[in-house]
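Just so we're clear, the structure is a prediction, and the values are computed from it rather than from any experiment.
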Amino acid sequence: FQSQRWQVLLGFRTKRRILLTGTPLQNNLMELWSLLHFLMPHIFTSHSEFRDWFANPLMNMVEGTSAMNDTLVQRLHSVLRPFILRRLKKDVETQL
């Protein structure tokens, strides 16, 4: 998120932005923050806060250094749900 290309992208003045991507949650949460920040920089402003609130605690759960926290997972889902359109493979047309 600190590259020159990233800074140029953020500098575009547009009325609307749309992002089509694969499954960023399977990569890492900070990549997800970058995508959300590009779309809505006024809502997802702080890289470090997102990391402290979600990425670090979830990574600790995955690595087994902290217990599973269902409340934290539900909070992340509630933050993301309004911004994600998810299609299931069974719902996608097999032939175009």
Side-chain angles (χ1 to χ4, degrees):
F1 75 95
Q2 296 174 342
S3 72
Q4 186 176 7
R5 181 178 298 163
W6 174 252
Q7 297 305 318
V8 169
L9 283 172
L10 289 178
F12 286 145
R13 299 292 174 226
T14 60
K15 290 183 180 181
R16 293 176 183 84
R17 294 180 181 181
I18 186 168
L19 179 72
L20 300 175
T21 184
T23 53
L25 287 177
Q26 292 182 357
N27 297 326
N28 84 40
L29 283 178
M30 296 321 297
E31 287 181 31
L32 173 65
W33 175 86
S34 295
L35 299 174
L36 293 169
H37 179 71
F38 170 73
L39 292 173
M40 297 164 286
H42 57 285
I43 295 174
F44 296 96
T45 56
S46 175
H47 182 268
S48 60
E49 284 180 5
F50 191 86
R51 183 187 61 234
D52 293 343
W53 291 344
F54 297 114
N56 289 347
L58 288 169
M59 185 55 67
N60 290 339
M61 286 185 260
V62 169
E63 292 174 348
T65 57
S66 68
M68 181 65 181
N69 183 338
D70 289 329
T71 303
L72 178 67
V73 173
Q74 289 172 357
R75 187 178 333 136
L76 178 60
H77 285 174
S78 68
V79 167
L80 298 178
R81 194 166 287 116
F83 305 109
I84 296 177
L85 172 63
R86 182 172 180 239
R87 296 187 317 166
L88 300 176
K89 188 182 276 188
K90 68 180 182 71
D91 297 332
V92 177
E93 189 70 39
T94 56
Q95 294 180 338
L96 298 175

Atom pair CG/CG of L80 and L36 - distance to nearest 0.5 Å: 6.0 Å
Check: V79 and W53 side chains under 4.5 Å, non-hydrogen atoms: no
Atom pair NE2 (H37) and CE (M30), whose distance is rounded to the nearest 0.5 Å: 10.5 Å
ILVMFWY cluster, M68 and M59 together (side-chain gap under 4.5 Å): no
Minimum-distance pair of heavy atoms, taken over all atoms of M61 and A67: CG-O, 3.2 Å
All side-chain hydrogen bond (donor to acceptor under 3.5 Å, both in side chains) counterparts of S46, not counting sequence neighbours: S48
W6 and W33 aromatic ring geometry - parallel, tilted or perpendicular at 30°/60° bounds: tilted
Test side chain to side chain contact (heavy atoms under 4.5 Å, CB included) applied to F44 and L32, step by step: CA-CA 10 Å; F44 296 96; L32 173 65; over 6 Å; no
Candidate list L76, T45, N56, test side-chain contact (heavy atoms from CB on, under 4.5 Å), partner F50, passing option: L76
side-chain hydrogen bond (donor to acceptor under 3.5 Å, both in side chains) partners for R75, two or more places apart: none
Minimum-distance pair of heavy atoms, taken over all atoms of L72 and P57: CD2-CB, 3.4 Å
Q4 atom CD: more than 12 heavy-atom contacts under 6.0 Å: no
Quick one: side chains of residues 8-19, donor-acceptor pairs under 3.5 Å with protein atoms, not counting sequence neighbours, listed by atom name and distance.
from : atom 1 : to  : atom 2 : distance (Å)
T14  : OG1    : R16 : O      : 3.4
T14  : OG1    : R17 : NE     : 3.3
R17  : NH1    : F38 : O      : 2.5
R17  : NH2    : F12 : O      : 2.8

